[in-house]
Amino acid sequence: MNKSKVILITILALIIGLFFLLGWDQYLNLDYIKSHQSEFEQHLAKSPWLTTIAFFVAYVIITGASLPGAAILTLIAGALFGLVYGTLLVSFASTLGATLAFLSSRYLLRDKINQKFKQQLTTINQGIDNEGNFYLFGLRLVPIFPFFIVNLVMGVTSISVKRYFIVSQLGMLPGTLAFVFAGTQLGQVNDLSGLISAPLLAAFALLGVMPLLTKRLLDKLQANRIYRPYQRPKSFDYNLIVIGAGAGGLVSSYIGAAVNAKVALVEKHQMGGDCLNTGCVPSKALIKAAKFAHEVKKSEQLGFEQSTTTVNFAKIMDRVHQVIKTIEPHDSVERYSKLGVDVKQATAHIVDPWTVEIDGKPFTTAQIIIATGARPFVPPISGLDQVNYLTSDNLWQLSELPQRLIVLGGGPIGSELTQAFARLGSQVSQVELFDRIMPREDPEVSEYIKQQFIDEGIDVLTNHQALRVEVIDGCQRLICQHQEQEVAIEFDHILIAVGRSANTAGFGLEQLGITLRPNKTIAVNKYLQTNYPNIYAVGDVTGPYQFTHVAAHQAWYSAVNALFGQFKKFAVDYRVIPWATFVDPEVARVGLNETEAAEQGIDYCVTRYGIDDLDRAIADNQAKGWIKVITAGTTDKILGVTIVGHNASELLTEYVTAMKYNLGLNKILGTIHLYPTMSEANKYAAGVWKRNHAPQYILGLLKKYHNKVRS
Ligand SMILES: Cc1cc2nc3c(=O)[nH]c(=O)nc-3n(C[C@H](O)[C@H](O)[C@H](O)COP(=O)(O)OP(=O)(O)OC[C@H]3O[C@@H](n4cnc5c(N)ncnc54)[C@H](O)[C@@H]3O)c2cc1C
């Protein structure tokens, strides 16, 4: 550390140390100020310049060293110097102090923080470059964070000192004015009755509503700024235009039409989006066939002999398409038209915040919901373009079973398809970069499913980084790096399942400047509004969860907020989000798992029930898996549940309801569960929790009582 840094740290340490050691903090309270008010006034009358300079310097030191007391000093300024001089004095002293704190933070911390959090700071700095003045102005006007934190944090960003000084001074001015005004009133309080004087009450009321008013003002300013380049139409063709007819778009438009709004739903490809056509529905239909093939293989366990099946992959795929066809009417143009939605099968392009071009024709609308979904992410692996690689988009066109299949990706989609193809007879290698598959779940879940896969003949290759694809003499190979060595895996087909990218390009978002997050999903606030308050985003295009049921959940909030937001807006509720991976045995989860609970450092308790012990599971030849419940401290409040087992996704719903409505494990234990069912496992898990939390002292007393009765 260089000498000047040491000197600066010593000075700051001395100021902070002296402040607390000498107990100066006790002087910065209203009682002390009030009792010494006349003394201060005498000083001011005797030597006005000296007192003013002393006050100014004290203020700068307190704020510059990030010490507490600035608010009280501001009230004193009002009492001593009056509204105009008090405001002037505090405005400059506070800005100077804030800038000194900002500079100290920049000088002492920026390099270190830059090294450690380079990526995060790049994003913040980009935001400040785009939004800098406005962002800081907002933080100053609406004190969500204490000012000393703003000073220290801004110091490590790239904002210039001049910009910081000017924006801080302007941003703090309204708050300063309100506090100084309150101070002028305090100066006149001589007895208790003075405390309820109208001006003083008004001053405090002003302080109270200040953040609210400024937040409103800020929202308005931001909205004006963003809408300024555009001309708002005098009237609209629609109340709401929804772009994309997947789960998010369908439910949004349904809700809009149900409340008699005039709604257009635009879909450029297939009604029902990914879930119906290339996602949940075909994958679950394929999994059903694969499971059947697997069950037949196991039929000896049930007493059958020589049961075999011959997989006719083309027919299995025909059935997959038949399932899609059967469900299609639920999401069809006819159904939605009947519901009152104006369905347009065309490409939508947002021209301005109130105009959407549909097949080249402009339509005006008061509100827009973007529900354009996501597509498979294809990583830039050299040579991949030489082979006809598969994704979840084109997989469903296969009519021949791949003999040797590589599935790249160990997430839910990759794992479900790995097992399905292996059970249908493909020789599958699952390649995963990290050290385990299904990395969102607890390590024991990953390990269990990996072992299940290995038992079924799948080659699970974790810690394998795909480097390139080679095609030599018609032989296709994926070259991976594993433990510093190159490994070659031959394949006939390779399926890419390494994540999904939001569909945000090519329909006007770039031109409008809709803000994206670093992961390229659309950034929205808690009401699902983009940076244009009348444009919302739902589903995979915004995340954070890419599931059909979450898209539908968000759709309610976006439609209601878009259509009735001027009266009341609802913040989207992500507290209880369930999901499942439909491998066999299924893995279903809601809330925290054990890993997350430990990472968050909360006081939690783990309760575990083994499904291998359940009567119905034993009868059904499904005696495997477990339920793991995370509860808060010693209470029965459920924080999260992971279920591994047959029909885990169905079993989970009881916990989802319990968590949503704050019902604890005692309530589950006290509910009759039908015998013999898999759902009894939930009651037994609650029973384990109860036994583990039984009051030992009372049980001891009861034992004594029963012994006595018998003796
Ligand atoms: C293999 C697989 C299995 C899955 N399994 C499950 C599961 O079991 N459970 C689960 O919950 N989720 C599952 N998912 C995820 C689920 O499919 C998605 O979360 C869901 O489809 C998201 O819905 P959405 O409305 O956001 O987007 P999408 O369903 O993708 O719909 C977006 C629509 O917008 C249209 N569009 C895009 N741009 C425009 C434009 N400019 N103009 C007009 N139209 C446009 C697209 O054509 C598309 O139809 C799975 C996904 C995959 C790939």
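Each ligand, and each atom within it, is numbered from 1 in the order the structure gives. Position 1 is the first residue of the sequence, and the numbers go up from there.
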Peer 1: Is any side-chain heavy atom of Asp459 closer than 4.5 Å to a side-chain heavy atom of Val428?
Peer 2: no
Peer 1: Identify whether the distance between the nearest side-chain nitrogen and carboxylate oxygen of Arg423 and Glu456 falls below 4.0 Å.
Peer 2: yes
Peer 1: As an exercise, identify every atom of ligand 1 less than 4.0 angstrom from a heavy atom of Ala371.
Peer 2: 32 (C), 33 (C), 34 (O)
Peer 1: Between Cys280, Pro412, Gly279, which one has a non-hydrogen atom sitting closest to atom 14 (N) of ligand 1?
Peer 2: Cys280
Peer 1: Between Asn534 (side chain) and Pro353 (backbone), is there a donor-acceptor pair under 3.5 Å?
Peer 2: yes
Peer 1: Salt-bridge test for Glu295 and Lys298: reply yes if a basic N is under 4.0 Å from a carboxylate O, no otherwise.
Peer 2: yes
Peer 1: Quick test: of every protein heavy atom, which one is nearest to atom 15 (C) of ligand 1, and how far off is it to 0.1 Å?
Peer 2: Gln546 O, 3.7 Å
Peer 1: Any heavy atom of Ala346 sitting closer than 4.0 Å to ligand 1?
Peer 2: yes
Peer 1: Flag the pair Val641 / Leu652 as yes when at least one side-chain heavy-atom distance between them is below 4.5 Å, and no otherwise.
Peer 2: yes
Peer 1: Would you mind listing which atoms of ligand 1 come within a distance below 4.0 Å of any non-hydrogen atom of Ser392?
Peer 2: 1 (C), 53 (C)
Peer 1: Check whether any side-chain N or O of Thr365 sits under 3.5 Å from a backbone N or O of Gln367 as a donor-acceptor pair, and report yes or no.
Peer 2: yes
Peer 1: Would you call the rings of Tyr230 and Trp354 parallel, tilted or perpendicular, taking 30° and 60° as the class edges?
Peer 2: perpendicular
Peer 1: Output yes when the distance from some N or O of ligand 1 to some N or O of Asn503 is under 3.5 Å, and no in every other case.
Peer 2: no
Peer 1: Can you list the ligand 1 atoms lying under 4.0 Å from a non-hydrogen atom of Gly539?
Peer 2: 26 (O)
Peer 1: Kindly confirm or rule out a cation-pi arrangement of Lys344 over Phe363, judged by NZ or CZ under 6.0 Å from the six-membered ring centre and within 45° of its axis?
Peer 2: yes
Peer 1: Closest non-hydrogen protein atom to atom 34 (O) of ligand 1, residue and atom name please, with distance?
Peer 2: Gly244 CA, 3.2 Å
Peer 1: Hey, is Trp579 touching ligand 1 through its side chain, its backbone, both or neither, going by heavy atoms under 4.0 Å?
Peer 2: neither
Peer 1: Give the residue and atom name of whichever protein heavy atom lies nearest to atom 25 (O) of ligand 1, and the separation in Å to one decimal.
Peer 2: Gly248 N, 2.8 Å
Peer 1: What is the closest protein heavy atom to atom 20 (C) of ligand 1, and at what distance does it sit?
Peer 2: Thr548 OG1, 3.7 Å
Peer 1: Mark up the atoms of ligand 1 that fall under 4.0 Å of a heavy atom belonging to Ala247, in ascending order.
Peer 2: 23 (O), 25 (O)
Peer 1: Do any nitrogen or oxygen atoms of Thr278 lie less than 3.5 angstrom from nitrogen or oxygen atoms of ligand 1?
Peer 2: no
Peer 1: For a side-chain hydrogen bond (donor to acceptor under 3.5 Å, both in side chains) check, start with the C-alpha distance between Asn531 and Thr515, then their side-chain angles and the critical distance, and finish with the verdict.
Peer 2: CA-CA 6 Å; Asn531 50 325; Thr515 308; 3.1 Å; yes
Peer 1: Is it the case that the side chain of Asn561 and the backbone of Val572 share a donor-acceptor pair, with hydrogens and angles ignored and the cut-off at 3.5 Å?
Peer 2: no
Peer 1: Judging by distance only, is a nitrogen or oxygen of Ala348 under 3.5 angstrom from one on ligand 1?
Peer 2: yes
Peer 1: Where does the angle between the aromatic ring planes of Tyr574 and Tyr545 fall among parallel (under 30°), tilted (30 to 60°) and perpendicular (over 60°)?
Peer 2: tilted
Peer 1: Where do Tyr527 and Phe570 land on the ring pair (Phe, Tyr, Trp, His ring centres under 6.0 Å) test, with the steps shown first?
Peer 2: CA-CA 6 Å; Tyr527 306 113; Phe570 295 87; 8.9 Å; no
Peer 1: Return the residue, atom name and 0.1 Å-rounded distance of the protein heavy atom closest to atom 40 (C) of ligand 1.
Peer 2: Ile243 CG2, 3.7 Å
Peer 1: Among all the protein's non-hydrogen atoms, which is closest to atom 27 (O) of ligand 1, and how far away is it?
Peer 2: Gly373 CA, 3.2 Å
Peer 1: If you measure every N/O of Val538 against every N/O of ligand 1, is any gap under 3.5 Å?
Peer 2: no
Peer 1: Among Lys284, Gln270, Arg500, which residue places a heavy atom closest to atom 8 (O) of ligand 1?
Peer 2: Lys284
Peer 1: Could you list which atoms of ligand 1 come closer than 4.0 Å to a heavy atom of Phe582?
Peer 2: 8 (O)
Peer 1: What residue and heavy atom of the protein are closest to atom 26 (O) of ligand 1, and at what distance?
Peer 2: Asp540 N, 2.8 Å
Peer 1: Kindly assign one of parallel, tilted or perpendicular to the pair Tyr448 and Trp626, based on the angle between their ring planes and the thresholds 30° and 60°.
Peer 2: perpendicular
Peer 1: Find all atoms of ligand 1 within a distance of less than 4.0 Å from any non-hydrogen atom belonging to Phe547, and give their numbers and elements.
Peer 2: 11 (O), 12 (N), 19 (O)
Peer 1: Hey, are Lys628 and Glu444 close enough for a salt bridge, meaning a charged N less than 4.0 Å from a carboxylate O?
Peer 2: yes
Peer 1: Checking a contact table here: which protein heavy atom is nearest atom 31 (O) of ligand 1, and how many Å away?
Peer 2: Gly246 CA, 3.4 Å
Peer 1: May I ask you to decide if Lys520's main-chain N or O and Arg517's side chain share a donor-acceptor pair within less than 3.5 Å?
Peer 2: no
Peer 1: Has ligand 1 got any nitrogen or oxygen that is less than 3.5 angstrom from a nitrogen or oxygen of Ile413?
Peer 2: no
Peer 1: Report, in ascending order of atom number, the atoms of ligand 1 lying under 4.0 Å from any heavy atom of Thr372.
Peer 2: 32 (C), 34 (O), 37 (C), 38 (N), 39 (C)
Peer 1: Considering only heavy atoms, which of Met271, Glu267, His269 lies nearest to atom 46 (C) of ligand 1?
Peer 2: Glu267
Peer 1: At a 4.0 Å threshold, what atoms of ligand 1 neighbour a non-hydrogen atom of Ser283?
Peer 2: 3 (C)
Peer 1: Under 3.5 Å between any N/O of Lys268 and any N/O of ligand 1: does that happen in this structure?
Peer 2: yes
Peer 1: Could you tell me whether Glu441 and Arg589 have a side-chain N and a carboxylate O separated by less than 4.0 Å?
Peer 2: yes
Peer 1: So, regarding Glu416 and ligand 1 (criterion: nitrogen or oxygen to nitrogen or oxygen, under 3.5 Å), is there a contact or not?
Peer 2: no
